[in-house]
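Let me begin by presenting the structure, written as structure tokens, before commenting on it.
The sequence lines fix the lettering, A, B, ..., with proteins before strands; numbering per chain opens at 1.
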Number of protein chains: 2
Amino acid sequence: MAKQVKIKDIAKMAGVSPGTVDRILHNRGNVSQASRTAVERALAETGYRYNIHTSAVSLKKSYKIVIAIPTAVKGEYWGSVLSGIEHALEEYSDITIKCEYAFYNQFDIFSCRNSFDSILDMEPSAVIIGATFVSETILLCSRLDSLGIPYAFIDSVIEGTSPAVTYSSDQNACGRIVGRLLDLFTGKDAGIAVFGSRRIGNERANNSMGRMSGMLQYFGSIGNGREIRESKISVADPEESEKDIIRFLDSNPDVGGIAVLNSRGYIVADTLASHGITGIRIISFDLTVNNMRCIQNGTISAIICQRPELQGFHAVKAIIRTLLYNLKEKNEHHIMPTDIIIKENLPQYREIYNE
Amino acid sequence: MAKQVKIKDIAKMAGVSPGTVDRILHNRGNVSQASRTAVERALAETGYRYNIHTSAVSLKKSYKIVIAIPTAVKGEYWGSVLSGIEHALEEYSDITIKCEYAFYNQFDIFSCRNSFDSILDMEPSAVIIGATFVSETILLCSRLDSLGIPYAFIDSVIEGTSPAVTYSSDQNACGRIVGRLLDLFTGKDAGIAVFGSRRIGNERANNSMGRMSGMLQYFGSIGNGREIRESKISVADPEESEKDIIRFLDSNPDVGGIAVLNSRGYIVADTLASHGITGIRIISFDLTVNNMRCIQNGTISAIICQRPELQGFHAVKAIIRTLLYNLKEKNEHHIMPTDIIIKENLPQYREIYNE
DNA sequence: TCAGTTTTCGTGTACGTCCACAAAAGTAGG
DNA sequence: CCTACTTTTGTGGACGTACACGAAAACTGA
């Protein structure tokens, strides 16, 4: 509880007026080098920090944050992200922050381009990006960079950009978690299957690949000679995927555990259930409504979840802090924890993730 | 982003002066019934809310929060709680909040009495209580109630009190989680052992009992005829506990999984390791340094953790909100999620829980 | 050196609330 | 109806920062 150092104090120490200190704090320019160094030393010595409250009181400017993420469906991944974003905005309801959305279809590159093109017209103070398409994102970021508009990444990292902050999760670790859990869940002689996405080229699939390598890495490292069999399931066509699954299991009868490296675990679970196949442990990703249902009825053993809610929440808070304090904290990268969810702790997480 | 309604607006609507509105908002009394009803209607109509910033700016009063919890050791349970508390206080560094601590020895009822007796002398604005001894806590709370001092519970609930807010976790669910995990981790024919605390009468032990009933409930519900064998381990005497453990396993050779319902899982793990016993899955509670070590080296399969950090964090934030907004949100009870931690997601959680 | 120009600096007001103090209204007793 | 007292109400200054505006200083070129 050190006593608050005020702008006046800094001004006195540096032998200038409060106005000059203010100019330096806000990079408003028109300050001589002499004053600047004097003030900056005083600032550093005292460890001055804005009083956020008085600052907010007199702040004239109102910020506009643009949220550029894939279309958010309640109960799905990006829906949770969005609910975290809205939650964070509520916390700052006492300062004027406008918020606009630039949703895009994560499976349609043209929709992404359209959406990203419109962002600059919105004149944002900051942008929060849930990236899917690499080169489109890089283009957007370089434009933002040249305008000095800070941006934050949620869920994924795009190389060749300089976000103020990134919130994502460690997909490789996710894969290793799945590996260990399946290893623990199944007998030594059971085979392990991995179902990935058929679709490639978008970010979710990249996530899926990171998970895959993590999982293979796990089974490689323990060296107990487990057979890992890969397969793809089609996202587009439910009937086709059902046939795929049954065909796969027919030709691999020893499989005791299945990892579904995207959020479609419920498709596999439902298929097994409808064919009366039991005794196979399934692990999948994301707390979607369908996956929750399967956790409830026991057809999915565990769900791996990466806190989309918190990612959105923290990204907004961080970007607002960047704006308020005029920070240049470049490329701060936060890895969200990976939650393991089973039937028994589902209710508690449900409260956090949804609503 | 509705336009801010100001005190002046309310005053105009109710036909009184801003001072009168302020008096009503802060229960400062000396207001006629007529003004009160007029103002309260205007308040309700507009849905007026403080502007927290300007409020904080002009607030003369400084709050003092007293933290009454068991002695916090860094890296242990209450140490994490404390670090969450300190973290929350940092977020409010712009308003003057003093903080005093009233630590007590959770195994010594006299130390608790001494500590609790000293709290009122500190003239707290609010108290945060980590309760261990029931009747002492009830006494403290009734005194606080009569003085109108709000208090929050962390970690446990004491019946017969009216806290402003409670942050705890669902011990029964924890027990069921342990049950399911051990069930998944071990073959059908393996026996399951439960190690509880020998010590009783304090809250941790109560937690331990809640976990026990949850675990038995799980195995009762699935009805696969698992043998559950209970034992106690002595906390006080390491050598004695080591002997206990070996003796127990000698007479129960079929045991394939052990649940340690307190934070002492590392004792069991170390004992097995030093006797060259492998193949037994151990699950324990709390991310202490010793337990983390055992997760790392593979002797403990999973740790159940109840976010002590977050409990402390949220309790402080909630109690400060109560003070700032003068709220009377009685008995709001938040259940923290229960995290399942294995070797692969340990690093991510470590970042959250410690530091 | 001096007028004109640009850069740098200081002053003063506004923000919405809290709260102290003074003013006004109400009450009771004579 | 007046005084003494209590209750109720209005007013104005303070909080620390942001920012506009105008003053002062520094620089420019002749």
### Message
Suppose we screen for side-chain hydrogen bond (donor to acceptor under 3.5 Å, both in side chains). Which residues come up paired with A:S32, at least two apart in sequence or across chains?
### Response
A:S35
### Message
Could you tell me if A:Y104 and A:T132 have a donor-acceptor pair between their side chains, going purely by distance under 3.5 Å?
### Response
yes
Using a cut-off of under 3.5 Å, enumerate the N/O to N/O pairs linking the protein to nucleotides 18-23 of chain D.
from   : atom 1 : to    : atom 2 : distance (Å)
D:dA18 : OP1    : A:H26 : NE2    : 3.0
D:dA18 : OP1    : A:S55 : OG     : 3.1
D:dA18 : OP2    : A:D22 : OD1    : 3.0
D:dA18 : O4'    : A:S58 : OG     : 3.0
D:dC19 : OP2    : A:R28 : NH1    : 2.8

### Task
Could you pull out all residues at least two apart from A:E100 that satisfy side-chain hydrogen bond (donor to acceptor under 3.5 Å, both in side chains)?
A:K64
### Task
Give a yes or no on this: more than 12 heavy atoms of other residues, nucleotides or ligands lie within 6.0 Å of atom CD of A:E86.
yes
### Task
Only counting residues at least two apart or in another chain, list the ones meeting side-chain hydrogen bond (donor to acceptor under 3.5 Å, both in side chains) with B:S168.
B:H333
### Query
What residues, two or more places apart in sequence or in another chain, satisfy side-chain hydrogen bond (donor to acceptor under 3.5 Å, both in side chains) together with B:R113?
B:E136
### Query
Knowing that exactly one of B:L43, B:V39, B:T46 qualifies, which makes a side chain to side chain contact (heavy atoms under 4.5 Å, CB included) with B:M13?
B:T46
### Query
Residues in side-chain contact (heavy atoms from CB on, under 4.5 Å) with B:A38, at least two apart?
B:A14
### Leading and trailing nucleotides of DNA chain C with any atom under 4.0 Å from heavy atoms of chain A
C:dT8 to C:dC15
#### Entry: salt bridge (Lys or Arg N to Asp or Glu O under 4.0 Å) involving A:R143 - partner list, sequence neighbours excluded
A:D117
### Summary
Hits for side-chain contact (heavy atoms from CB on, under 4.5 Å) against B:D9, two or more places apart or cross-chain, chain-then-number order -> B:V5, B:K6
#### Entry: Minimal non-hydrogen separation, B:L25 against B:Y50, with atom names
O-OH, 3.5 Å
### Task
Quick one: which residue pairs count as a salt bridge (charged side-chain N to carboxylate O under 4.0 Å, His left out) with a foot in residues 37-47 of chain A, not counting sequence neighbours?
A:R36-A:E40
### Query
Which angle, to the nearest 10 degrees, lies between the helix axes at the two ends of the helix from C:dT1-D:dA30 to C:dG30-D:dC1, each defined by five pairs?
40°
### Query
Looking at residues 30-40 of chain B, who's got a heavy atom less than 4.0 Å off DNA chain D?
B:N30, B:V31, B:S32, B:S35
